[in-house]
There are 2 protein chains.
Amino acid sequence: MEIPPINMSEYNDLLKKNGLSVTESRKKILDLFFESDGALAHADIEKNTDAAFDRVTVYRTLQTFVEKGIIHQIPTTDNSVLYALCKHNCEQGHHHDNHVHFICTHCDKTFCLDDVTVPEVKLPAGFSPSQKAMVVTGFCKECR
Amino acid sequence: MEIPPINMSEYNDLLKKNGLSVTESRKKILDLFFESDGALAHADIEKNTDAAFDRVTVYRTLQTFVEKGIIHQIPTTDNSVLYALCKHNCEQGHHHDNHVHFICTHCDKTFCLDDVTVPEVKLPAGFSPSQKAMVVTGFCKECR
DNA sequence: GCATTTTTGCAATATTGTTGCAAAAATATA
DNA sequence: TATATTTTTGCAACAATATTGCAAAAATGC
Ligand SMILES: [Mn+2]
Ligand SMILES: [Mn+2]
Ligand SMILES: [Zn+2]
Ligand SMILES: [Zn+2]
């Protein structure tokens with residue numbers, strides 16, 4: 001017997017709150033993020049949905065979620081982008097994710113270190129920062 | 001009359017020092033980096049060489065330069081990777097680039113802030129960091 | 001339930017990245 | 001300088017990733 005997803009009505013609310021229609025693909029992709037302990041790449045989502053949804057739908061869903069402030073992007077050095085849930089009060093076009101990200105080079109998991117704030121840096125005169133990201137690589141607590 | 005590239009013999013030396021054959025493509029791509037005030041993406045290099053070299057050659061050259069510690073990669077959030085010259089004493093497989101990068105959201109230039117060191121952060125117990133990168137976005141000194 | 005709006009899937013196309021291999025170029029050797 | 005050896009390049013074929021227009025399907029609002 002299947003264990004039904006716990007938070008389906010939460011997902012409804014989250015989507016509604018952001019002015020989005022509630023659809024199968026959006027609920028499923030949201031669920032993947034809530035059930036995952038790390039960040040997800042586009043490819044991960046395709047795998048985990050068993051190709052139930054068109055690639056294009058996945059691209060558009062991720063883009064929509066980023067725009068709405070439901071997920072945020074994590075920069076990487078390998079021509080890919082990772083996505084993770086926004087934990088705090090991110091909004092349409094205005095993210096507040098200023099935590100450090102940790103990518104394990106052994107198990108490839110990515111962790112949002114929600115309690116580790118990206119430190120301030122003093123920039124040379126003339127530079128006006130708006131966002132800052134910090135990505136740390138190494139061995140995670142499982143892999144060291 | 002053309003002004004000849006100033007540093008051609010420097011380029012020779014740099015390549016030789018790294019055990020690389022001196023070829024037209026490598027000299028030209030090196031020159032692009034030295035003449036550029038910012039970081040370059042693969043696409044930039046293709047444009048600026050007027051397709052004189054095969055795409056594959058550009059890919060391989062960038063990869064080789066990274067391996068040798070001549071250039072370093074800058075993570076981005078848009079499915080691309082930026083490359084910039086290593087200013088310090090980077091070596092084969094061991095980079096020492098720990099400076100902050102600034103990407104201007106207006107002119108799209110990327111700056112290596114060589115004098116701004118990526119600050120230390122205290123990670124949760126169990127995480128062993130090996131590398132850390134910091135990317136700041138905003139308006140650069142020209143665009144603010 | 002029905003009209004309207006939004007989202008999806010498909011197809012076509014574009015862009016980006018990889019691999020094997022023979023020709024060409026660069027380097028080492030004499 | 002000529003020749004042997006090593007390295008690099010370009011091509012072709014292919015694979016993977018991403019974007020767009022548009023009609024069908026689904027979701028929403030009434
Ligand atoms: Mn995060
Ligand atoms: Mn740099
Ligand atoms: Zn790990
Ligand atoms: Zn600028």
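Because only heavy atoms are used, hydrogens play no part in the values below, and waters and symmetry mates are left out as well, while side chains stay in. Keep in mind the model is a prediction, meaning the values are calculated, not measured. Proteins get letters first, then strands, A, B, ... in listed order; numbering begins at 1 in each.
Rounding to whole angstrom units, CG of residue B/L15 and P of D/dT7 are separated by 15 Å. Remark: P of D/dT7 and NZ of B/K27 are 19 Å apart, rounded to the nearest angstrom. For the pair B/K28 NZ and C/dA25 C1', the computed distance is 20 Å after rounding to whole Å. Rounded to whole angstrom, the span from the CZ atom of A/R55 across to the P atom of C/dT15 amounts to 16 Å. Atom-to-atom, CG of A/L62 to P of D/dT19 comes out at 11 Å; the value is rounded to the nearest Å. Regarding A/H42, its NE2 atom lies at a distance of 17 Å from the P atom of C/dT16, rounded to whole Å.
In this structure the side chain of B/V135 never reaches within 4.5 angstrom of the side chain of A/M134, judged on heavy atoms. Residues B/L20 and B/R26 meet the side-chain proximity criterion, which asks for heavy atoms closer than 4.5 Å. Looking only at side-chain heavy atoms (C-beta outward), A/V136 and B/L123 come within less than 4.5 Å of each other.
Remark: B/N48 CG to B/L40 CG distance equals 7.0 Å, nearest 0.5 Å. Interatomic distance, B/C140 SG to B/I103 CD1, rounded to the nearest 0.5 Å: 12.0 Å.
Not counting sequence neighbours, the partners of A/E46 by the side-chain hydrogen bond (donor to acceptor under 3.5 Å, both in side chains) test are A/R55.
Side-chain proximity of A/K16 to the nucleotides D/dT17, D/dT28, C/dT27 is greatest for D/dT28.
No salt bridge links B/E142 with B/K109; every basic N to acidic carboxylate O contact stays at or beyond 4.0 Å.
The bend of the helix from C/dG1-D/dC30 to C/dA30-D/dT1, defined by the angle between the axes of its first five and last five pairs, stands at 40° to the nearest 10°.
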For nucleotides 8-10 of chain D, tabulate all protein N/O to nucleotide N/O atom pairs closer than 3.5 Å, reporting atom names and distance.
from: D/dT8; atom 1: OP1; to: B/R26; atom 2: NH1; distance (Å): 2.8
from: D/dT8; atom 1: OP1; to: B/R26; atom 2: NH2; distance (Å): 3.0
from: D/dT8; atom 1: O5'; to: B/R26; atom 2: NH2; distance (Å): 3.4
from: D/dT9; atom 1: OP1; to: B/T23; atom 2: OG1; distance (Å): 2.8
from: D/dT9; atom 1: OP1; to: B/S25; atom 2: OG; distance (Å): 2.4
from: D/dG10; atom 1: OP2; to: B/D54; atom 2: N; distance (Å): 3.3
from: D/dG10; atom 1: OP2; to: B/T57; atom 2: OG1; distance (Å): 2.5
from: D/dG10; atom 1: N7; to: B/R60; atom 2: NH2; distance (Å): 3.0
from: D/dG10; atom 1: O6; to: B/R60; atom 2: NH2; distance (Å): 2.7

### Task
Kindly indicate, with the supporting measurements, whether the criterion ring-ring contact (aromatic ring centres under 6.0 Å, His included) is fulfilled by A/H72 and A/Y83.
CA-CA 6 Å; A/H72 59 275; A/Y83 301 87; 9.2 Å; no
### Task
Under the ring-ring contact (aromatic ring centres under 6.0 Å, His included) rule, what do A/Y59 and A/H42 come out as? Steps first, then yes or no, please.
CA-CA 7 Å; A/Y59 280 116; A/H42 177 275; 3.9 Å; yes
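Regarding contacts with the backbone of D/dT17, every side-chain N or O of A/N79 stays at 4.0 angstrom or more from both OP1 and OP2.
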